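Quick caveat: nothing in here was measured; it's all calculated off a predicted structure.
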Amino acid sequence: MASILNRYENIMSMNVCGMIEFAEDPMKMARHLSHHMEDDLSKTKREGTELIAEIEKLEDNKSFPNAEALLVAKKAELMKLHEIHEKLNDQIQQITAIRAAIYEAARKK
């Protein structure tokens with residue numbers, strides 16, 4: 001048990017050190033955030049495509065038990081996924097603007 005806690009503390013200290021390292025270089029931090037958000041964006045697209053396929057199957061074949069309730073739940077999930085997708089797009093645009101500003105400020109120095 002103690003080794004698990006020690007391992008957890010080491011991992012946490014490494015993450016904190018990594019975050020501090022990124023904070024020292026704003027361009028690196030912006031690139032890092034942008035990369036992760038773009039990964040998340042592609043995941044939402046993939047999950048959205050899968051949900052749409054599931055919804056189409058349910059709409060075509062409503063003989064599943066509780067098909068209507070499942071259909072409503074899947075559509076709600078798709079709407080939530082769409083909201084997340086839109087927020088990620090907005091955040092990526094903001095980070096892109098920040099990266100441009102950082103680049104411009106560094107270029108002027």
**Asked** Stepwise, does the salt bridge (charged side-chain N to carboxylate O under 4.0 Å, His left out) test hold for R107 with E104?
**Response** CA-CA 5 Å; R107 196 176 66 98; E104 191 64 32; 2.7 Å; yes
**From CA spacing to verdict: side-chain contact (heavy atoms from CB on, under 4.5 Å), D40, T44** = CA-CA 6 Å; D40 290 344; T44 61; 5.5 Å; no
**Request:** May I have the step-by-step check of salt bridge (charged side-chain N to carboxylate O under 4.0 Å, His left out) for K75 and E59, ending in yes or no?
**Result:** CA-CA 11 Å; K75 286 182 178 180; E59 287 176 339; 3.3 Å; yes
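The side-chain hydrogen bond (donor to acceptor under 3.5 Å, both in side chains) test applied to E68 returns K62, not counting sequence neighbours. When the salt bridge (Lys or Arg N to Asp or Glu O under 4.0 Å) test is applied to K87, no partner is found at least two apart in sequence or on another chain.
Here side chain to side chain donor-acceptor pair (under 3.5 Å) pairs that include residues 49-58, with residues two or more places apart or in two chains, are E54-K74.
Residue R31 holds its CZ atom at 9.5 Å from CD1 of I102, rounded to the nearest 0.5 Å. One distance of note links CG of L41 with CG of N89; it measures 5.0 Å at 0.5 Å rounding. For the atom pair NE2 of H85 and CG of L78, the computed distance is 11.0 Å after rounding to the nearest 0.5 Å. To the nearest 0.5 Å, atoms CG (L81) and CG (L51) are separated by 6.0 Å. Here the straight-line distance linking atom CG of L88 with atom NZ of K45 works out to 10.5 Å at 0.5 Å rounding.
A chain of hydrophobic side-chain contacts below 4.5 Å, direct or via other Ile, Leu, Val, Met, Phe, Trp or Tyr residues, connects L70 to I52. V72 and L58 fall into different hydrophobic clusters, defined by Ile, Leu, Val, Met, Phe, Trp and Tyr side-chain heavy atoms under 4.5 Å apart, directly or through other members.
I95 approaches S34 most closely through the heavy-atom pair CG2-CB, 3.9 Å. Of all non-hydrogen atoms in D39 and S42, the two that sit nearest each other are O-OG, 2.8 Å.
Aromatic ring pairs are classed by plane angle as parallel below 30°, tilted from 30° to 60° and perpendicular above 60°; the pair H32 and H36 is perpendicular.
Taking a 6.0 Å sphere around CG of D90, one finds it holds more than 12 heavy atoms contributed by other residues, nucleotides or ligands.
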